[in-house]
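The block underneath contains the structure these notes are about, expressed in structure tokens.
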Amino acid sequence: MANHFSQLARKSKANGPIEKVSKEQTGNPSLEIYKLGDDVLRQNAQRITKVDNSIRILAKEMLQSMYAAKGIGLAAPQIGINKELLVIDVNFEDNAAEPLILINPEITNYGTTLNSYEEGCLSIPGVYLNVVRPSTIKLRFRDEMGRPRKMKADGLLARCIQHEMDHLNGVLFVDRVTSKEDLNKELIKEGFHEKDVMPIK
Ligand code: NI
């Protein structure tokens, strides 16, 4: 998910522990992020059967690329890796806040309240549109050490998790936009094509 407010990100005041990924990545993302129209974004991701060092290295590289691209979430399919792995950090301005690494995430409960919020996506840069989603969720996942975890989320975090989990099913946020007029206007403005959208039935 693209970060709409990256220009507001504050400068780092201190370096974190060596294992931490700096939130102040400079230059282009090290991993190529695929864009709307690339077939790789439309595949179903596969469960990760073993959480080993290769997964942790991948998660770290995804975090670096996400921060470099000024995003708040990145799913493995966006970099052409067909695995159920997400990295998320809605506290990009707070260097002390830990990012979330979600492996094999499953939503176990959706709240009944819906809300509408403007989303963006690193795979559809420059396009920002309102999407309606449940405002609270419960989920389970494995962390980067393979440990089973559970959490509740609301607000921007709940929105971001749902957006990133869609990527694991080959779904993009533009598929969920109900205003076709707004959608086409935004896509054309950024050089994307309506034919690459697959509306949710
Ligand atoms: Ni996205």
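Ligands are counted one by one from 1 in listed order, and the atoms in each one are counted from 1 as well. Below, all heavy atoms of this structure are taken into account, side chains as well, without hydrogens, waters or symmetry copies.
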side-chain hydrogen bond (donor to acceptor under 3.5 Å, both in side chains) between Arg140 and Asn104: does it pass, once the steps are laid out?
-> CA-CA 8 Å; Arg140 60 174 174 230; Asn104 301 338; over 6 Å; no
May I ask you to check whether Asp39 and Tyr34 show a side-chain donor-acceptor distance below 3.5 Å?
-> no
Any side-chain donor paired with an acceptor under 3.5 Å for Ser123 and Gln78?
->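 Yes.
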Kindly determine whether Glu106 and Arg47 satisfy salt bridge (Lys or Arg N to Asp or Glu O under 4.0 Å), including the steps that lead there.
-> CA-CA 11 Å; Glu106 280 177 63; Arg47 286 181 75 78; 3.7 Å; yes
Residue pair Asp154, Lys138: steps toward the salt bridge (Lys or Arg N to Asp or Glu O under 4.0 Å) verdict = CA-CA 9 Å; Asp154 61 11; Lys138 290 181 187 169; over 6 Å; no
With a cut-off of 6.0 Å (strictly less than), are more than 12 heavy atoms of other residues, nucleotides or ligands near CE of Met151?
-> yes
2.8 Å cut-off (strict), protein N, O or S atoms about the Ni ion (ligand 1) |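 Step by step: take the Ni ion (ligand 1), keep protein N, O, S below 2.8 Å, and you get 3.
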